[in-house]
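Just so you know, these numbers come straight off a predicted model, no measurement behind them. A, B, ... follow the sequence lines: proteins, then strands. Residue 1 opens every chain.
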Protein chains: 2
Amino acid sequence: MKENKFLAIYNDLLLQIRKGTFQPNDKLPSENELSQQYQTSRETIRKALNLLSEHGYIQKIKGKGSIVLDVGKYDFPVSGLVSFKELAQKMRKPARTIVHELEIVKPDEYIRKHLSVPNKDEVWKVIRSREIEGEKIILDKDFFHRKFVPLLTRDICEDSIYEYIEKELKLKISFAKKEMFVDQVTDEDRKYLDLNGYEHVVVVKNFVYLEDASLFQFTESRHRLDKFRFVDFARRTH
Amino acid sequence: MKENKFLAIYNDLLLQIRKGTFQPNDKLPSENELSQQYQTSRETIRKALNLLSEHGYIQKIKGKGSIVLDVGKYDFPVSGLVSFKELAQKMRKPARTIVHELEIVKPDEYIRKHLSVPNKDEVWKVIRSREIEGEKIILDKDFFHRKFVPLLTRDICEDSIYEYIEKELKLKISFAKKEMFVDQVTDEDRKYLDLNGYEHVVVVKNFVYLEDASLFQFTESRHRLDKFRFVDFARRTH
DNA sequence: TAGTGGTCTAGACCACTGC
DNA sequence: CAGTGGTCTAGACCACTAA
């Protein structure tokens with residue numbers, strides 16, 4: 001697998017920022033210098049620098065140069081596409097996933113509306129709760145179109161469905177849309193969560209699309225109020 | 001003010017998508033065709049198409065072409081950097097901003113920590129509530145470093161501080177970091193909001209940076225539970 | 001004024017798609 | 001196979017910043 005030149009340069013510069021060769025508030029070499037150092041064209045350097053900028057590692061300023069940002073401050077997951085397993089590992093807390101339901105169903109109206117599935121097609125329905133430090137604080141309801149995900153097992157659901165989808169099935173996730181709001185607790189919430197007396201949950205609805213822009217997953221994630229936290233990083237497009 | 005060529009093309013294509021000249025699931029003309037139509041180079045066309053893609057209007061697929069996505073589904077503000085005034089206009093609902101406090105203060109520890117201001121410097125403190133359809137449902141607490149914003153008036157605060165900052169002061173907002181979580185209501189919330197019996201609020205903390213990566217504003221936005229809603233659109237970077 | 005990043009051009013070759 | 005988007009080049013001119 002050959003790596004693109006601009007990606008290689010991006011990774012090399014990122015490594016130097018992480019190692020401290022370039023410190024926060026340092027200026028990177030100019031684009032002309034970099035294109036000589038890496039023996040490439042300036043446009044290719046610019047692609048690498050724009051990636052660094054989009055990911056929050058540098059700030060480009062016209063007429064001045066590219067400044068290294070304080071990595072610690074901005075190094076958080078890009079919002080939206082991080083799985084529970086990755087999150088749990090990042091937080092370094094004991095975490096567990098409990099599979100309550102795993103079945104193939106005919107979509108009801110609610111799912112059909114969200115997944116836009118013809119009503120004779122079948123979908124996977126997975127209900128899991130997520131336990132952190134002994135408390136079940138997240139209820140995940142996932143629906144996958146069976147056309148894309150032929151087989152799901154309890155083991156896969158307890159590990160990471162995302163890993164399975166990307167690594168085993170080699171489906172390419174392209175983008176996701178999220179909606180967040182607060183909802184009253186339902187009987188299902190009471191059944192599967194340690195609610196600790198709260199009467200509301202934060203609901204995160206997640207619509208996941210593949211590379212060809214087809215919607216293949218719909219997830220509703222219900223979080224206990226006190227444990228919900230979301231971080232977002234937005235760069236202005238002028 | 002001259003518009004960039006690639007921006008002009010972006011806007012033109014966007015208009016045609018909005019008007020329905022290009023329908024969802026249509027393929028756009030190929031990059032070569034477009035570069036002839038617009039009498040420009042292919043790289044410039046690519047910049048326009050990449051913008052459309054980043055904003056969720058099209059999906060580019062190697063070897064096939066660029067597909068128009070369902071606009072209605074994805075046409076929402078890019079998360080993070082939309083002001084209340086813009087939002088209110090978009091929703092077409094009667095909205096009002098009420099300024100409760102507007103003063104210059106020595107930063108206390110809480111602000112100092114978030115704005116990273118030396119403790120002898122002064123900051124603007126603005127407390128406003130946002131009323132929609134007659135109900136005060138958002139409490140905004142803004143802090144600006146006085147170094148960047150020398151003057152603030154009640155009129156500016158009732159209109160849009162963002163507009164004032166960008167258009168009058170010509171400060172360039174570059175990126176923002178958001179944190180969201182749920183908090184118990186405070187006395188301040190009770191005083192300034194119509195809480196409708198709710199005991200919690202959704203808190204959105206917003207850290208806004210200028211083009212030179214200096215943090216110049218810190219905002220805490222407290223939303224009544226039932227009226228909070230957030231939409232996020234994330235494109236995966238492979 | 002010299003140096004920076006932002007835009008733009010007219011080519012080129014590649015990997016992938018569909019027929 | 002022809003056509004598509006992805007990468008890359010070696011130039012050019014511009015707007016902005018700082019000395």
Distance check needed: [N] [atom2] versus [X] [atom1], whole Å only.
X        : N       : atom1 : atom2 : answer
Leu49(A) : dG6(C)  : CG    : P     : 9 Å
Asn32(A) : dT9(D)  : CG    : C1'   : 14 Å
Glu31(B) : dG11(C) : CD    : C1'   : 15 Å
Ile9(A)  : dT7(D)  : CD1   : P     : 13 Å
Asp26(A) : dT4(C)  : CG    : P     : 16 Å
Ile67(A) : dG5(C)  : CD1   : P     : 11 Å
Ile58(B) : dT4(D)  : CD1   : P     : 15 Å
Asn50(A) : dC8(D)  : CG    : P     : 14 Å

Check ring-ring contact (aromatic ring centres under 6.0 Å, His included) between [X] and all other residues, then give those that pass, not counting sequence neighbours.
X        : answer
Phe22(A) : none
Phe6(B)  : none
Tyr10(B) : His55(B)

Below 4.0 angstrom from OP1 or OP2 of [N], is there any side-chain N or O of [X]?
X        : N      : answer
Lys47(A) : dG6(D) : no
Ser30(B) : dT4(D) : yes
Lys60(B) : dG6(D) : yes

Inset, instruction - Tell me yes or no: between the side chains of Asn32(B) and Gln36(B), is some donor less than 3.5 Å from an acceptor? - result: no
Legend entry - Parallel, tilted or perpendicular: rings of His223(A) and Phe228(A) (30°, 60°): perpendicular
Inset, instruction - Check Lys60(B) against Glu31(B) and note the closest heavy-atom contact, atom names and distance. - result: NZ-OE2, 3.1 Å
Inset, instruction - Find out whether Thr219(A) and Val208(A) are in side-chain contact, i.e. whether some heavy atom of one side chain is under 4.5 Å from a heavy atom of the other. - result: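 Not touching, per the 4.5 Å side-chain cut-off.
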Inset, instruction - Within residues 38-46 of chain A, find the residues that approach DNA chain C with a heavy atom at under 4.0 Å, and present them sorted by residue number. - result: Arg42(A), Glu43(A), Arg46(A)
Inset, instruction - Please list, chain by chain and in numerical order, all residues satisfying side chain to side chain donor-acceptor pair (under 3.5 Å) with Asn11(A), sequence neighbours excluded. - result: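 Once residues adjacent in sequence are excluded, the partners of Asn11(A) under the side chain to side chain donor-acceptor pair (under 3.5 Å) criterion are Glu3(A).
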Protein-nucleotides 16-19 of chain C N/O pairs under 3.5 Å:
from, atom 1, to, atom 2, distance (Å)
dG18(C), OP1, Lys64(B), NZ, 3.3

Inset, instruction - Ignoring hydrogens and angles, tell me if any N or O in the side chain of Gln23(A) forms a donor-acceptor pair with the backbone of Gly20(A) under 3.5 Å. - result: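 Yes.
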